[in-house]
Every structure is written in C-alpha cells, then in structure tokens.
Amino acid sequence: MQSNDADRMSQLLCDLKQANPQLLQSEKLAAIGQLAAGVAHEINNPVGYVFSNLKTLAEYVRDLLCIIDATDQVGSLEELQALKQSLDYDYIRDDAKALIAESEEGIERVKSLITALKDFSHIEEDDFVFVDLHHGLDTTLHLANNELKYKAEVIKEYATLPHVECLPSQVKQVALNLLTNASQAIKNHGVITLRTGHEGERIWFEVSDTGCGIPPEHRDRLFEPFFTTKPIGEGTGLGLALSFSIVQKHGGQIEIDSEVGQGSTFRVWLPIKQPRRVEQEQGQR
Ligand SMILES: Nc1ncnc2c1ncn2[C@@H]1O[C@H](COP(=O)(O)OP(=O)(O)OP(=O)(O)O)[C@@H](O)[C@H]1O
Ligand SMILES: [Mg+2]
C-alpha cells in the first residue's frame with residue numbers, strides 16, 4: 001500500500017470510529033421514536049372508542065334519569081310506558097351493556113400495554129445475582145401452566161448447569177414470553193420442550209414448540225416493538241422486543257430456528273459470569 005493510501009485508510013478508520021457512537025446514539029433515538037409512535041398508535045385506538053362510548057353512555061344516563069324522574073310526575077302507568085318507548089328504553093338497555101363491555105375491553109388493552117411498557121422501564125432495576133436457572137424456569141413454568149396445560153404437553157430436558165449471574169426476574173420474564181409465544185403458536189394441541197445446556201463460559205435455555213412456525217419474511221421483524229401477527233387485542237407485539245433488550249443487557253443472544261408448519265425453537269444464550277465480574281477477577285490476579 002502506498003503511503004497516501006495508508007493515510008487515507010487510517011483517516012477513514014478514524015472517521016468510522018468517531019461515527020460509530022453517533023450512529024448508535026441515533027439508532028437508539030430512532031428506536032425510542034418508533035416505540036413512542038407505536039405506543040401512541042396502540043393507545044389511541046382503544047382510548048378513542050372508550051371516549052366515544054362514554055359520550056353515548058352519558059346520553060343514556062340522561063334519558064334514564066328522565067324516565068326515573070317521571071315516576072314522580074306522571075299521572076298514569078301508560079304515560080310512563082309511552083315515555084319509555086319514546087326514549088327507546090329497550091335499545092338503551094341492550095346497547096348500554098354492549099358499550100360497557102367494549103369499554104372494559106379497551107381499558108384492559110391499555111392496561112396491558114402500560115404493564116408491558118413498565119417492564120421495559122424496570123430493565124434498569126434489580127441486581128445481578130448468581131442463581132439456579134432451573135429453579136427460575138420451573139417457577140415460570142408453574143406461572144404459565146394455566147395457559148399451557150390445555151395447549152401442550154411440556155417436556156423438560158435439563159442439563160447440569162452452574163449457577164448463572166443474571167437478573168432473575170428479567171430472565172424469568174424472557175422465559176415466560178417464549179413459553180407464551182410457543183403456546184400461542186400451537187393451534188390445537190402440541191408439544192413444548194424446555195431444554196438447557198452449557199458450553200464453555202456460557203449456558204443456554206431454549207423453548208421449542210410444534211406450532212405454526214415463522215415464515216421467512218417475518219424473521220427480521222420479530223424483535224421489532226409492536227410487530228405482531230396476532231389478532232387485535234391478543235398480542236401487543238412487545239414480548240420479543242422486551243426479551244431482546246433483557247438478553248442484550250446480560251451480554252447474551254437469542255437464536256431462532258423455525259420451519260413453517262413444523263415449529264420453532266428460541267434459544268437464549270447467557271454468559272455464566274457478567275463481563276464486568278470477569279474483568280474484576282482478572283484484575284485481582
Ligand atoms: N414460537 C413462535 N412460533 C411462531 N411465531 C412466533 C413465535 N414466537 C413469536 N412469533 C411471531 O413473532 C411475533 C412477535 O412476537 P412477540 O412475542 O414480540 O409479540 P406477540 O406475541 O404478538 O404479542 P405479546 O407478546 O406482546 O403479547 C408474533 O406475533 C408471532 O407472529
Ligand atoms: Mg408474545
């Protein structure tokens with residue numbers, strides 16, 4: 001390489017090094033923007049119809065009060081019945097019930113979105129501790145069992161694992177998301193296998209299902225916040241996005257293997273010791 005070329009190359013490398021943190025920063029900002037836009041969109045819809053239902057319900061209450069007040073004023077039962085009919089009492093009766101049920105569902109949806117978002121904001125809390133991962137997985141299985149038991153036979157294939165340094169409740173959250181997804185991917189009845197393994201400085205746990213599988217065009221979008229193929233009201237599309245941030249925070253990785261019509265496997269790799277601790281121990285030697 002000529003010296004000119006070498007200069008240009010080192011300049012380029014230097015520019016790249018400087019650009020990288022900026023790029024990362026702008027990528028993070030873009031992700032936050034995307035998340036905020038998604039939240040606004042997802043919350044706007046239920047809030048919109050709950051608001052319009054409330055307006056209609058207020059009109060119904062006004063009419064119903066009118067009917068009740070009339071019981072003190074009317075001269076005959078017929079007069080009261082005529083008023084009920086003119087105010088469409090039968091319709092109000094049915095529609096009020098439907099509006100309340102729909103509004104409850106809308107508020108439930110907003111509530112579950114907010115819970116999912118709270119999980120995101122709690123990622124920074126908690127302390128890293130060494131725990132028995134199998135114990136955490138068993139607790140999570142127990143929690144998920146209500147939903148799983150109708151859908152699948154659950155098989156456990158646990159290896160022998162050392163204790164793992166992690167944020168236990170966050171790791172359980174990841175396992176719960178994967179188990180829920182596995183169960184939702186199974187149409188009638190299937191098998192969910194929970195496996196663990198140990199390789200060098202890392203361990204892994206995986207959730208395998210005999211569900212619908214993931215079409216190739218969806219692979220790149222799985223971790224995108226709000227990406228969901230589930231019907232409205234069923235999935236927020238935050239499960240995998242949240243799991244990704246948790247695993248990333250642990251210095252781990254998620255691997256996916258899936259075949260349409262056959263099933264999917266989500267494998268989570270975690271370092272046994274957090275890099276910070278490894279550095280500390282090396283420093284002490
Ligand atoms: N085990 C799986 N089998 C098939 N598809 C899956 C599986 N896991 C995830 N997916 C696909 O990835 C999408 C995103 O998953 P994610 O967990 O992030 O959101 P969700 O399950 O749709 O909603 P949420 O988890 O917020 O209730 C799902 O809608 C589904 O299409
Ligand atoms: Mg999910």
Side-chain angles (χ1 to χ4, degrees), residues 31 34-46 105-123 137 140-141 143-148 150-155 157 169-195 204-249 252-269:
Q34 202 182 7
L35 191 71
V39 173
H41 175 80
E42 290 289 315
I43 288 182
N44 204 24
N45 185 25
E105 206 184 288
I107 294 298
E108 264 315 311
R109 178 139 182 73
V110 173
K111 229 174 100 184
S112 69
L113 271 168
I114 288 173
T115 313
L117 283 173
K118 266 207 205 136
D119 290 340
F120 265 102
S121 58
H122 284 315
I123 289 179
L137 291 178
T140 312
L141 254 185
L143 196 76
N145 212 22
N146 264 346
E147 187 170 346
L148 297 188
Y150 301 108
K151 281 303 210 44
E153 180 196 348
V154 180
I155 298 175
E157 289 178 10
S169 58
Q170 308 286 332
V171 173
K172 281 191 270 187
Q173 173 86 52
V174 174
L176 184 64
N177 287 335
L178 298 183
L179 285 167
T180 313
N181 282 348
S183 142
Q184 289 169 342
I186 294 171
K187 211 168 174 199
N188 298 313
H189 201 269
V191 180
I192 295 177
T193 313
L194 189 55
R195 280 189 206 93
W204 53 263
F205 68 92
E206 70 180 20
V207 177
S208 227
D209 65 65
T210 55
C212 57
I214 302 163
E217 65 272 22
H218 289 169
R219 299 278 169 89
D220 293 340
R221 305 197 55 199
L222 296 179
F223 298 111
E224 226 174 73
F226 300 106
F227 173 75
T228 181
T229 55
K230 290 166 194 169
I232 292 175
E234 233 172 74
T236 55
L238 287 175
L240 284 179
L242 174 62
S243 304
F244 182 81
S245 353
I246 292 173
V247 173
Q248 206 179 32
K249 187 176 167 62
Q253 268 169 292
I254 304 184
E255 279 173 6
I256 302 167
D257 187 18
S258 179
E259 206 162 312
V260 176
Q262 300 292 310
S264 314
T265 299
F266 282 73
R267 180 179 284 200
V268 176
W269 286 92

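Start at 1 and go down the list; that is how both ligands and their atoms are numbered.
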Which is closest to atom 9 (C) of ligand 1 by heavy-atom distance: Asn181, Leu222, Thr265, Val260? Asn181
Counting non-hydrogen protein atoms only, what is the nearest one to atom 3 (N) of ligand 1? Give residue, atom name and distance. Ala185 CB, 3.2 Å
At a non-hydrogen distance cut-off of under 4.0 Å, which region of Ile214 contacts ligand 1 (side chain, backbone, both, or neither)? side chain
Gln262 vs Asp257, test: side chain to side chain contact (heavy atoms under 4.5 Å, CB included). Steps then yes/no. CA-CA 11 Å; Gln262 300 292 310; Asp257 187 18; over 6 Å; no
Side chain, backbone, both or neither: Phe266 near ligand 1, heavy atoms under 4.0 Å: side chain
Numbered atoms of ligand 1 (with element) below 4.0 Å of Thr236, judged on heavy atoms: 23 (O), 24 (P), 26 (O), 27 (O)
Is the Phe227 ring parallel, tilted or perpendicular to the His218 ring (thresholds 30°, 60°)? perpendicular
At their closest point, which heavy atom of Thr210 faces which heavy atom of Val191, and how far apart are they? OG1-N, 2.9 Å
protein heavy-atom neighbour closest to atom 30 (C) of ligand 1 works out as Thr229 OG1, 3.4 Å
Using a 4.5 Å cut-off on heavy atoms from C-beta on, say whether the side chain of Leu148 contacts that of Leu141. yes
With respect to atom 23 (O) of ligand 1, which of Gly213, Ala182, Pro215, Gly237 exhibits the smallest heavy-atom separation? Gly237
Show me which atoms of ligand 1 lie under 4.0 Å from any heavy atom of Thr228. 20 (P), 22 (O), 29 (O)
So do Leu238 and Phe226 actually touch side chain to side chain, heavy atoms under 4.5 Å? yes
Check step by step if side chain to side chain contact (heavy atoms under 4.5 Å, CB included) holds for Phe244 and Asn177. CA-CA 11 Å; Phe244 182 81; Asn177 287 335; over 6 Å; no
Taking only residues two or more places apart in sequence, or in another chain, which ones meet Glu157 in a salt bridge (Lys or Arg N to Asp or Glu O under 4.0 Å)? Arg195
Glu206 and Thr193: side chain to side chain contact (heavy atoms under 4.5 Å, CB included), yes or no, with the steps? CA-CA 8 Å; Glu206 70 180 20; Thr193 313; over 6 Å; no
Check this for me - ligand 1, Leu240, N or O atoms closer than 3.5 angstrom, yes or no? yes
Heavy-atom gap Gly211 to ligand 1 smaller than 4.0 Å: no
Counting heavy atoms only, which of Leu238, Thr210, Asp209 comes nearest to atom 1 (N) of ligand 1? Asp209
Give me the protein N, O or S atoms that fall under 2.8 Å of the Mg ion (ligand 2), sorted by chain and residue number. Asn181 OD1
Identify which of Arg221, Lys230, His218, Arg219 has a heavy atom lying nearest to atom 21 (O) of ligand 1. Lys230
Which part of Asn177 is near ligand 1, with near meaning a heavy atom under 4.0 Å away: side chain, backbone, both or neither? neither
Which protein non-hydrogen atom lies closest to atom 14 (C) of ligand 1, naming both residue and atom, and how far is it? Phe227 O, 3.2 Å
